[in-house]
Amino acid sequence: MEECQQNDICKFSLLPDPEDDHQTKKWGKFMCYLRERKKAGVVEFRSVTFHILAPESQSYPAVVLYETILKDSRVCKKMEGVSGRSNTSEETCDNIPHTKEMKSSRKRHGLVAESSACNSVEDGPIILDPAVKKKTSTLASNFVKTSPSYLKTLSQTHGGWIFGAIAELIDNSRDAGASRLDISIQSMYSKKARGKVPVLCVFDNGHGMTYAQMMKMVLFGHDRPNEHCQDQIGRFGIGFKTGAMKLGKDALVLTQTSTSRTVSFLSQSFNENKINLEIPVVAYYKKGQYMEFDLNVQSKRAAEYNLNAIKEYSPFNEYVIGEKICLFGEEGTGTQIFIWNLDRWGADYTLEWNSEKTDENPVGHDNRDILIRSKRVRSRPGQTSSNVPLDYSLKAYLEVMFLNPQMRITVQGCSVITCHLEKSLDKKAVISDEIMGRTIHLTMGRSDVEWDRVNCGIFLYWHGRLIESYKRVGGQKHNAVTGRGIIGVADITDLIDDEDGNTWVLNSKQGFQDCEMYAKLEEWLGRKIDEYWNTNFDNLELRNGGELTEAVNDWVQCASCRKWRVLNPNFNTESLPLEWFCHMAPFNGKCDIPEQQMEVGVITVSEKISGHNKLAQPVVENVRQDEDVKNVKLIPPSTENKGKPSSDATSCEDELGDDFLQGGSDTPRSPLKRLLRGGIKSNC
């Protein structure tokens with residue numbers, strides 16, 4: 001092999017682009033062969049001849065020298081196909097054409113620039129044709145590898161609530177226009193596990209995915225849509241990966257359109273001990289009544305390699321895949337997702353499931369469901385109730401997941417009765433307003449179901465999908481019974497999405513980012529909920545027989561001496577500052593003045609929750625034993641404790657009787673209002 005002065009000819013670096021491990025090994029053996037035997041590989045492609053030189057080390061790219069032989073001296077044809085893969089012939093030669101010969105050949109055709117020397121491979125090739133220069137300039141780009149451990153990192157996105165992972169898969173089905181969605185956990189035989197394993201199955205009848213759409217789904221992130229799509233939830237390009245990898249270590253996706261079929265395999269088990277993440281994908285196209293390998297996007301060898309990987313590391317072979325495909329129907333479309341090696345909770349699985357009805361259940365109740373084993377309630381400011389089925393029952397979550405449900409959903413074969421939350425409320429009020437120049441619509445009302453569960457709060461939706469539930473605002477955050485049973489519903493898409501396509505929703509879709517708009521929204525919601533509560537429910541009336549009694553006065557506590565001072569009749573309590581002292585109006589005294597005492601015959605109404613009783617029990621203070629107060633009763637509910645004093649009096653359930661506790665026949669069972677230690681004088 002003659003010595004070649006590489007700096008005198010055109011050259012560029014060649015980075016291989018193998019489709020699989022087999023091609024990677026073949027390329028390495030080929031480079032090793034050239035290096036050990038001091039040979040060069042020659043590739044002829046149309047009018048261009050490429051001479052491939054092996055690098056000194058495997059960590060460096062190969063060097064390619066090239067020359068152009070023109071068939072027509074008057075026309076300089078553009079070079080094409082300068083890449084690591086081509087369908088051209090390749091041979092090995094003992095000698096590379098001498099530098100002078102190659103250079104003189106180029107001179108004859110006028111292809112040599114004034115300075116044709118390349119100082120180094122990193123400087124890039126000297127390419128005279130602009131079209132070729134544009135194509136080959138990307139060869140110097142750097143790409144990063146993805147460690148398989150990144151799949152486990154992605155799973156932590158939904159580490160706080162596993163239903164958020166299932167929601168990611170449901171979002172994809174909704175975006176695909178599915179009208180039916182089936183979610184179940186079934187047992188399937190796994191050759192690797194040598195037995196049956198539970199597999200989470202998600203099946204929809206949407207429009208399916210093409211090969212390009214499938215690759216977009218399995219890639220880590222993608223371009224966000226330029227325009228807002230009111231019906232599209234997918235936005236970040238990581239939902240499927242974060243959701244599937246939280247639910248289990250391995251996931252198989254089988255999707256079908258009217259003209260194609262694609263199978264992909266996202267697996268931690270398959271990538272174990274690998275240095276770079278590999279995702280087997282097999283593409284088919286429809287030919288007559290059959291599906292065949294799509295050789296436009298993959299080679300037959302690559303397709304067979306990926307299919308064999310799926311067979312070895314999953315419960316699926318060609319027969320099981322064929323069986324699942326039949327579920328689509330002859331002309332059907334849709335997507336099926338199968339996830340196994342499910343997430344663990346100690347020695348068992350994080351999810352538990354019921355597959356059959358039992359005779360123990362009440363008539364009309366179907367216990368088939370998928371539950372979170374711990375049945376823990378999610379942490380929310382002000383949340384005290386542990387009766388929140390939405391947090392641990394998939395059926396309960398899916399009932400309110402969408403503001404306007406359009407899919408027919410089943411869980412373990414049992415239909416989910418979706419709920420139009422706004423339409424289920426009593427004493428409904430709809431408010432339209434603007435926050436920072438953007439419109440918001442809020443619906444508020446009372447829910448009998450949430451009253452019984454001692455729940456309340458706002459349900460916030462984004463693009464019609466539930467993001468936050470039972471969000472307590474205003475007085476609801478500070479008192480367990482204030483606003484009890486009051487539910488608010490709002491879709492805040494217009495507030496949270498920016499004009500440039502960005503959004504303030506967390507990529508887990510289980511909360512919102514901390515931003516000015518969200519802070520203003522919280523303040524606005526708090527004011528509106530408090531106004532609604534005060535107007536519709538926080539009106540305390542005590543009756544003696546059929547006659548109303550009047551409040552004697554209100555009291556205020558000094559921030560310094562902590563003594564309570566009586567306020568003048570008809571004094572406007574809203575004028576009091578946040579911190580009031582004895583020297584201020586209307587008391588205008590000193591802290592050493594003794595605290596005033598309440599008159600005999602005055603009832604002080606406070607609130608006290610005891611045991612598991614759903615009612616706030618009233619307490620009384622300084623009640624004369626000879627007074628009859630059994631006819632005193634409350635119409636209706638309580639408000640928050642606005643810094644008002646508690647009473648040391650004992651419960652008087654027996655003295656006040658059932659009418660006091662339950663209110664009138666047309667009154668909801670409500671807790672009592674805690675007054676400013678002020679009294680209601682009994683006129684018995």
Find out whether [X] and [Y] are in side-chain contact, i.e. whether some heavy atom of one side chain is under 4.5 Å from a heavy atom of the other.
{"X": "Arg368", "Y": "Val411", "result": "no"}
{"X": "Ile170", "Y": "Phe402", "result": "yes"}
{"X": "Asp433", "Y": "Leu442", "result": "no"}
{"X": "Thr242", "Y": "Glu168", "result": "yes"}
{"X": "Ile440", "Y": "Asp494", "result": "no"}
{"X": "Thr157", "Y": "Lys241", "result": "no"}
{"X": "Cys414", "Y": "Lys395", "result": "yes"}
{"X": "Pro405", "Y": "His420", "result": "yes"}

How close do [X] and [Y] get, heavy atom to heavy atom, and via which atoms?
{"X": "Ile529", "Y": "Ile486", "value": "CD1-CG2, 4.3 Å"}
{"X": "Glu399", "Y": "Ile417", "value": "CG-O, 3.3 Å"}
{"X": "Asp369", "Y": "Ser393", "value": "OD2-OG, 2.5 Å"}
{"X": "Asn354", "Y": "Asn367", "value": "ND2-O, 3.2 Å"}
{"X": "Lys428", "Y": "Leu425", "value": "CB-O, 4.4 Å"}
{"X": "Thr535", "Y": "Glu531", "value": "OG1-O, 2.8 Å"}

Which pairs of donor and acceptor atoms, one on a side chain in residues 578-588, lie under 3.5 Å apart (sequence neighbours left out)?
from, atom 1, to, atom 2, distance (Å)
Trp580, NE1, Ala585, O, 2.9
Asn588, OD1, Ala585, N, 3.2

Has Ser385 got a side-chain atom pairing as donor or acceptor with Arg453's backbone, closer than 3.5 angstrom?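 Side chain of Ser385 to backbone of Arg453, a donor-acceptor pair under 3.5 Å: yes, one is there.
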
Distance-only, no hydrogens or angles: does the Asp343 side chain make a donor-acceptor pair with backbone N or O of Gly248 under 3.5 Å?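 Checked: no pair found.
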
What I want to find out is whether [X] reaches [Y] closely enough, with some N-O distance under 4.0 Å, to be called a salt bridge.
{"X": "Glu352", "Y": "Lys375", "result": "yes"}
{"X": "Glu468", "Y": "Arg380", "result": "no"}
{"X": "Asp498", "Y": "Arg438", "result": "yes"}

Consider only side-chain N and O atoms of Gln510 and His158, and report whether a donor and an acceptor are under 3.5 Å apart.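 Judged by distance alone, the side chains do not pair up.
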
Would you check if there is a donor-acceptor pair between the side chains of Asp491 and His463 at a distance under 3.5 Å?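 Side chains of His463 and Asp491: no pair found under 3.5 Å.
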
Show your reasoning for whether side-chain hydrogen bond (donor to acceptor under 3.5 Å, both in side chains) applies to Trp504 and Asp497. CA-CA 7 Å; Trp504 294 102; Asp497 286 355; over 6 Å; no

So with a 6.0 Å cut-off around CG of Asn572, is the heavy-atom count from everything else above 12?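 It does: Asn572 CG has more than 12 such atoms within range.
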
Compute both the distance and the angle, then confirm whether Lys427 meets the cation-pi test with Phe537: under 6.0 Å from the six-membered ring centre, within 45 degrees of the axis.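 Lys427 over Phe537 ring: yes.
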
Would you kindly check if the NZ (Lys) or CZ (Arg) of Arg376 is within the cone defined by 45 degrees around the ring axis of Tyr392 and under 6.0 Å from the six-membered ring centre?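 No cation-pi geometry.
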
What residue among Thr410, Thr418, Ile183 forms side chain to side chain contact (heavy atoms under 4.5 Å, CB included) with Leu398?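 That would be Ile183.
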
How long is the span from the [atom1] atom in [X] to the [atom2] atom in [Y], to the nearest 0.5 Å?
{"X": "Cys419", "Y": "Met401", "atom1": "SG", "atom2": "CE", "answer": "15.0 Å"}
{"X": "Leu421", "Y": "Leu403", "atom1": "CG", "atom2": "CG", "answer": "8.0 Å"}
{"X": "Tyr461", "Y": "Ile492", "atom1": "OH", "atom2": "CD1", "answer": "12.0 Å"}
{"X": "Arg373", "Y": "Leu351", "atom1": "CZ", "atom2": "CG", "answer": "8.5 Å"}
{"X": "Arg565", "Y": "Cys558", "atom1": "CZ", "atom2": "SG", "answer": "7.0 Å"}
{"X": "His478", "Y": "Arg472", "atom1": "NE2", "atom2": "CZ", "answer": "11.0 Å"}

What's the verdict on side-chain contact (heavy atoms from CB on, under 4.5 Å) for Met407 and Ser179, showing C-alpha distance, side-chain angles and the deciding distance? CA-CA 4 Å; Met407 291 188 294; Ser179 61; 5.8 Å; no

Pair Trp353-Leu371, side-chain contact (heavy atoms from CB on, under 4.5 Å): steps then yes or no: CA-CA 6 Å; Trp353 52 94; Leu371 308 171; over 6 Å; no

Under the salt bridge (charged side-chain N to carboxylate O under 4.0 Å, His left out) criterion, do Arg446 and Asp448 qualify, and how do the steps go? CA-CA 7 Å; Arg446 182 181 184 276; Asp448 292 336; 2.5 Å; yes

Report the residue from Gln476, Glu450, Gln383 that forms a side-chain hydrogen bond (donor to acceptor under 3.5 Å, both in side chains) with Tyr470.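 For Tyr470, the side-chain hydrogen bond (donor to acceptor under 3.5 Å, both in side chains) check succeeds only for Glu450.
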
Restricting to ring pair (Phe, Tyr, Trp, His ring centres under 6.0 Å), what partner residues turn up for Trp161, sequence neighbours left out?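 By the ring pair (Phe, Tyr, Trp, His ring centres under 6.0 Å) rule, Trp161 matches Phe163, Tyr397.
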
Trace of the side-chain contact (heavy atoms from CB on, under 4.5 Å) decision for Thr439 with His441: CA-CA 7 Å; Thr439 304; His441 303 283; 3.6 Å; yes

